[in-house]
Amino acid sequence: MAEIPKAYEPQAVETKWYSFWEEHECFTADPERVSEARPAYSIVIPPPNVTGVLHMGHVLNNTIQDILARKARMDGKEVLWLPGTDHAGIATQNVVERALRKEGVMKHRDDLGREKLLEHIWEWKEKHGGIIIDQLKKLGASCDWSRLRFTMDENYTKCVQRVFVDLYKKGLIYRGKRMVNWCPKSLTALSDEEVIMKEQNSQLFYFKVQVVEEPDTWLEIATTRPETIPGDSGIAVNPNDPRYANLIGKHAVRPLPVENQAHLPIVADEHIDIEFGTGVLKVTPAHDKADFEIGQRHKLEVIDVINANGKMNELAGADLDGLDRFEARKVATAKLEEMGALIKAEDYKNNVGFSERADVPIEPRLSEQWFLKYPSQEQSRECVANGALKFYPERWSKTYDYWMDGLQDWCISRQLWWGHRIPVWYRGEEIHCGLEAPEGDGWEQDPDVLDTWCSSWLWPFATMGWPGDTETLKKFYPTTDLVTGPDIIFFWVARMIMAGYEYKGDLPFRNVYFTGIVRDKKGRKMSKSLGNSPDPLELIEQYSADALRFGTMRSAPLGADVLFDEKDVELGRNFCNKLWNACRFRQMQGGETEGEIDPTLLTSDDRWILRRLDQAITEVTDAFAAYRFTDATATLYRFFWSEFCDWYVESCKATFFSEDAARKANVLAVFDFVTGHTLRLFHPFMPFITEELWHGLGFSAEMPDDQGGQTIMTAHWPKSFQDDFKEHYALDETIDDLVAAKHELVTAGRNLRGIGNIPFAKKIDYIIKPAAKLDAYEVEVIQSLLNAESLKVDADYAPRKGTPVARSALGELYLPLDGLIDVDAEKVRLEKQLEKIASEIQKADAKLNNPKFTERAPEEVLQEAKDRLAEWQQKEQQTREAIEYLADA
RNA sequence: GGGCGAUUGGCGCAGUGGCUAGCGCGCCGGCUUUACACGCCGUGGGUCGGGGGUUCGAAUCCCUCAUCGCCUACCA
């Protein structure tokens, strides 16, 4: 047995064990090992962006996955945790382009051209793509790294293309000219999910237009976008609006001087909100989704006045031509005012869609794009509704269902270079969709690439070698659990489910655990600009990975956001230290670990801690089954610190310092039994320190060597004790009462020192008057826990009236103080206590005097209430006596 | 506009019909007690967001109001 060093040095220990696990292939999944006796457990990582660095969200997410994977291994399952990274189209291209501009390699991507830019991005990927993988290893992630995947691996790319071609042939993918969300900065179309609505402090401008047929009539219109007036091709009112009924079918003239000064038809459309503004809408079909649809209904002209880059064009008129859209808004407003058409401008809050990546307002734009009609919609809705696929917390299934109910076709083409190129070729009017370029000359491949999510929605099976019918796929698909954030429920989760049904005929995972969002302790979202996002690597450096994991899990309840506080990590660190020192203390006692427990030598404390351990095993195991990791950590914390260290270990000291070798050996055996179980219960949460201590205490010697290494990783998950075990060791309930009474007496006894302000270190003499015969062992332990010089057992003890006393079911514990008491302070304390007792008695009385209660409450509830009243009355009597005594003193 | 969630001691949370509403951190007081000051011992501190109802009994179930958060939405 190697000696456990005095100070825990996590950095060296963590590196050592991670290498050990990797060398011994502890993370490797082998489909051949899967059998009835050894079921498969699988989980695919939500692939982080290949250029990403580890943040607190990853820590939370991957710690949970690792906990699940490690627990599954201890349950005897063959575990595949499949890792990988995502090429993250726009994000990555942005990052690399920015770097290249900074380095002066290019000003704009057109300077380099497609091929060259892609070379640079690949180069970047090779250089930085491994960073986050190394960081996950630091965290302790037990992924099967031999299967590391990337969404632009050759095989993966083939999957993406194959699916595209298939859906094209099924008629589910089509090309069309539609209104899309256009990002004027990235110069690409975006899906609805990539647009984030943000509330803006805007202005609502009221201006007037003249009705052509009735020159005396002016219509007032409210708009937030006066710069698009040149793109207006109609005026719309609600058909049920009496104010404007007589104008329908007539025309109006734009106030802005533009080349094309046509008369705009006034149309009636149900979509117009009578209440809003003036109830009159200017219709700009080219620059607003709703307007486009109104335009379609009334055959209005589409006048595109904004270019792809967000600048106005010549159709906007000479005044606005070439201006940025926001600049143009100011100019247009000034122009309206100059013309006397502006009535007023009022402050107004509205929601504007922003590009998720480029963070600029998106521009609705008519554009030729590829769209996808979602496949397997019915099955995908059904599996969540009927519980075949479970969401944790369950309430997200409503969100899911709501979205599935209103599915809109997905715009999948992106005007980018980094990504999977669309497998379609054109030659004149001809079009070819296939895995290979068509035969013959003159074919041009579509320049666009696919939305990133258009590859990641295949992740669960594409990473397992699909479309080949591989062993991995057969054994590990569908996966067991998916751990991800609810923010990508539509982006990713829903789409994976649909792809899973469409291509594997089965759901992709059975359970989805939605983590909360990691916020700072003030509840704010973590962000670079706020600077409130700690670097997990620094936290690991300072506190250890185990501390970070435990601290995070301890404050991350299922279904709630995580308010991250570095204090939590500190607590994790402190806990590791406690664990470490408790094990060190064990080792300092010497003795072998293989000691068998002799049931005849078990003390009440031994039995009690075994019962507590059994309880902890049940609680932690149940918590796992319900994905309640916070509960599991709370149980472990309570059990190990409050029950094992604070009471059991302290009780053991009486034995350890005694001369009784047999008794000592038996306590050590119990101690080892408990720590052996505890380390295993902790292992999923704190893999490194538990492995170190497992070896340090010599438990590894008991391990089967079936994976080329002796490791706690494959030790069996503790099971709740069987009845025959409990019987053999006499672990019956009566133990709990005895030990609880003992603890109560000790705590109360320690409190007696408070009366005279006697420091705990001072050895003093207590006298105990036992209620029944008290074991010599119990007396010894109580004396030790009280740090008493002596503890005299005297069944006939007749204390002087008012001697401080502590009581519990075990008996009475006296501390003769002989004039050390501060009479006044003590009196105040007792008076206060009396008030509290009186109020409790009143409550209990009221309850028992209520005939409805006494008639209808069940017998045991009634009895409890009676007992409680009696208890309080007794306390009242005792307190009165003490006060009386003080008055005499 | 619709939906979801939250509201319990200073802070973060547990507690879904019945013990005196718990826990962690913090606060306060005392301790170099033979593992651990990243520690030990102990004390305070809450009319469970407001109001109403159901019930013998409500933090817990129902109604209502308030505040906060999240998601969703083509009110320009």
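Chain letters run A, B, ... following the sequence lines, proteins first, then strands; residues in each count from 1.
The residue L281(A) sits close to a base: some heavy atom pair falls under 4.0 Å. Residue contacts for F490(A): at a heavy-atom cut-off of 4.0 Å it reaches the sugar-phosphate backbone alone, with no base atom in range. The residue I294(A) sits apart from the nucleic acid: no heavy atom pair falls under 4.0 Å. Residue contacts shown for R554(A) are limited to sugar-phosphate atoms, with no base heavy atom under 4.0 Å away. Among the heavy atoms of the strands lying under 4.0 Å from D646(A) are primed sugar atoms or P, OP1, OP2 only; no base atom is included. At the heavy-atom level, T223(A) lies under 4.0 Å from the strands shown only through sugar-phosphate atoms. Base engagement by E650(A) is indicated by at least one non-hydrogen atom pair under 4.0 Å involving a base atom. No contact: T630(A) has no heavy atom under 4.0 Å from any strand.
For the pair R638(A) and E619(A), the salt-bridge criterion is met [side-chain N within less than 4.0 Å of a carboxylate O].
Considering only side-chain N and O atoms, Y8(A) lies nowhere under 4.0 angstrom from the phosphate OP1 or OP2 of C36(B). Of the side-chain N and O atoms in T747(A), none sit less than 4.0 angstrom from OP1 or OP2 of C41(B). Proximity of K289(A) to the phosphate of A73(B): no side-chain N or O atom is located under 4.0 Å from OP1 or OP2. For K653(A) and A35(B), the shortest distance from a side-chain N or O to OP1 or OP2 is below 4.0 Å.
With hydrogens and angles ignored, a donor-acceptor pair closer than 3.5 Å exists between the side chain of K578(A) and the base of C36(B). Between the side chain of H271(A) and the base of C75(B) there is no donor-acceptor pair of N/O atoms closer than 3.5 Å.
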A correct 5'-to-3' footprint of nucleotides 1-10 of chain B, with B, S and - meaning base, sugar-phosphate only and no protein heavy atom under 4.0 Å, is ---SS-----

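Using a 5.5 Å limit on the distance between ring centres and a 30° limit on the angle between planes, the aromatic ring of F657(A) counts as stacked on the six-membered base ring of U34(B).
Going from the P atom of U47(B) to that of C41(B) covers 29 Å, rounded to whole Å.
When each of A582(A) and R750(A) is assigned the nucleotide of RNA chain B with its nearest heavy atom, A582(A) is the one assigned upstream, toward the 5' end.
Annotation: E275(A), atom CD; neighbour count of heavy atoms from other residues, nucleotides and ligands within 6.0 Å does not exceed 12.
Listed candidates were U43(B), C36(B), C74(B). Nearest to the side chain of N751(A) is U43(B).
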